[in-house]
Amino acid sequence: MPELAEVEFYRQQWDPGLGRRVRSVLVHPRARVFRGCAVRALVDELAGATLRTSAAAAKQMLFRFSGGRWLGLHLGMSGELRMETADRAPQKHDHLVLVQRECRLVFSDPRMFGRVSFAVGSEPPGWWTRLAPPILSDAFSIEAVAAFLHRRARAPIKAVLLMQERFPGIGNWMADEILWRAAVHPARPSGSLKPGEVRAVWRNCRRVCRCALAAIAGRGGRVPPALNANIPDSWLFNHRWEDGGRCPRTGAPLARGVIGGRTTCWSPARQKL
DNA sequence: CCAATTGTTATTTA
DNA sequence: ATAAATAACAATTG
């Protein structure tokens with residue numbers, strides 16, 4: 001599930017643990033989410049460390065602890081972060097639990113497409129610093145987008161929007177939302193977009209990221225009651241899975257199909273091939 | 001039993 | 001050789 005704004009939402013779930021010491025670490029060490037991770041070192045090094053800061057970028061999260069310890073988390077398809085009371089025992093899919101005095105910080109992921117990583121050092125790990133420039137940064141320029149679409153000219157625009165090396169944090173629903181707003185059919189070859197359409201895609205990448213962060217991750221620490229409770233019905237988001245769903249702008253029926261290997265929803269009335 | 005799922009990556013195909 | 005398409009990963013739900 002988690003894309004850019006959901007990842008930021010889940011990052012905030014661990015905020016109650018900031019500035020507090022980790023007393024012990026509970027893991028399911030054989031779980032797939034630990035592939036490539038030194039679980040033993042993670043458990044030994046995080047026990048006794050204090051959670052200092054956290055950050056989210058793209059679909060990644062990075063938690064910095066005292067002593068130059070870094071915990072990286074990716075939520076995959078079904079991951080989530082929760083804060084639980086101190087006495088609550090880990091559930092079946094709770095692969096990593098940081099036990100603090102007042103609460104427990106839980107990473108849970110039933111399908112285990114997510115990932116845990118751990119590193120020690122004075123600088124953030126390379127996988128973090130090498131992430132593509134954020135869509136809401138100046139580096140995400142229309143020129144960079146146009147060049148990227150040109151290089152992937154034969155691939156459907158829907159598939160290209162899912163490429164994290166240029167569109168960090170965009171996932172299936174955000175890609176559909178962007179193309180719907182830009183009035184571009186998801187199956188269009190990227191190289192066939194006219195300059196005005198490239199501009200519309202670029203602009204709506206930024207707009208959807210900004211609006212999704214405001215609606216899902218909240219502002220100034222105000223956390224929404226439920227993950228997607230604040231998404232307006234004027235978005236495609238609330239209609240894309242409805243049976244007989246209709247385009248909020250035209251009222252015409254929505255279409256669904258597999259494009260770029262992913263289930264895709266679009267409004268044929270707005271988005272023409 | 002079959003098909004579906006808001007992600008990523010290795011492998012195969014063109 | 002490169003880019004695009006496909007399969008695979010795992011668990012759960014309808």
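Below, each value reflects all heavy atoms present in this structure, side chains not excepted, and no hydrogens, waters or symmetry copies. Here is how names work: the chains are called A, B, and so on, in the same order as the sequence lines, proteins then strands, and each is numbered from 1.
- Computed from coordinates, the A/Leu4 CG to B/dG7 C1' distance equals 14 Å when rounded to whole Å.
- Electrostatic pairing of A/Lys158 and A/Asp176 counts as a salt bridge here, judged by a charged N lying under 4.0 Å from a carboxylate O.
- For the OP1/OP2 pair of B/dG7 and a distance below 4.0 Å, the side-chain nitrogens and oxygens of A/Ser78 include no atom meeting the criterion.
- Residues A/Trp266 and A/Leu254 are not in side-chain contact: their nearest non-hydrogen atoms beyond the backbone lie 4.5 Å or more apart.
- C/dA1 and B/dT9 have their P atoms separated by 23 Å, given to the nearest Å.
- A/Arg111 contributes a side-chain N or O that forms a donor-acceptor pair with the base of B/dT5 under 3.5 Å.
- Considering only side-chain N and O atoms, A/Lys92 lies nowhere under 4.0 angstrom from the phosphate OP1 or OP2 of C/dA11.
- A/Arg240 forms no cation-pi arrangement with A/Trp235, by the criterion of a distance under 6.0 Å to the ring centre and an angle within 45° of the ring axis.
- Among the protein residues, A/Gly76 comes within range of the sugar-phosphate backbone only, with heavy atoms under 4.0 Å from sugar or phosphate atoms but none that close to a base.
- Counting to the nearest Å, the P atom of C/dA4 and the CD atom of A/Glu165 are 11 Å from each other.
- Spacing of P atoms, C/dA4 relative to B/dT6, comes out at 22 Å, to the nearest Å.
- Separating the CH2 atom of A/Trp241 from the C1' atom of B/dT5 is a distance of 8 Å, rounded to the nearest angstrom.
- Between A/Arg152 and C/dA3, a side-chain N or O to OP1/OP2 separation shorter than 4.0 Å is absent.
- Atom CZ in A/Phe167 sits about 18 Å away from atom C1' in B/dT6, given to the nearest Å.
- With rounding to whole Å, A/Leu75 atom CG is found 16 Å from B/dT5 atom C1'.
- Atom CZ of A/Arg151 and atom P of C/dA3 are 7 Å apart (whole Å).
- Here the nucleotide nearest the side chain of A/Arg32, chosen from C/dA10, B/dT6, B/dG7, is C/dA10.
- C/dA10 and B/dT11 have their P atoms separated by 15 Å, with the value rounded to a whole Å.
- Base-pair partner of C/dA11: B/dT5 (Watson-Crick or G-U wobble, both distances under 3.5 Å).
- For C/dT12, one of the phosphate oxygens OP1 or OP2 lies less than 4.0 angstrom from a side-chain nitrogen or oxygen of A/His93.
- With B/dT6, C/dA5, B/dT5 as the choices, the nucleotide that has an atom nearest any side-chain atom of A/Phe237 turns out to be B/dT6.
- Using a 4.0 Å cut-off, no side-chain N or O of A/His74 falls inside it from OP1 or OP2 of B/dG7.
- With a 3.5 Å ceiling on both atom-pair distances, the Watson-Crick or G-U wobble partner of C/dA3 is B/dT13.
- Judged by ring centres under 5.5 Å apart and planes tilted less than 30 degrees, A/Phe113 stacks against the six-membered base ring of C/dC9.
- Listed nucleotides B/dG7, B/dT5, C/dA4 differ in distance to A/Arg262; the shortest reach to its side chain belongs to B/dG7.
- Counting to the nearest Å, the C1' atom of B/dT8 and the CH2 atom of A/Trp127 are 15 Å from each other.
- Proximity of A/Pro189 to A/Arg154: side-chain heavy atoms (C-beta onward) are nowhere separated by under 4.5 Å.
- Within the 4.0 Å cut-off from OP1 or OP2 of B/dG7, not a single side-chain nitrogen or oxygen of A/Gln164 is found.
- Ring geometry for A/His95 against A/His28 counts as perpendicular: the plane angle is over 60°, on a 0 to 90° scale with 30° as the lower cut.
- Between A/Leu161 atom CG and B/dT6 atom P the separation is 16 Å, expressed in whole Å.
- Residue-environment remark: CZ (A/Arg270) exceeds the threshold of 12 foreign heavy atoms within 6.0 Å.
- In this structure, A/Arg115 does not reach the B/dT8 phosphate: none of its side-chain N or O atoms is under 4.0 Å from OP1 or OP2.
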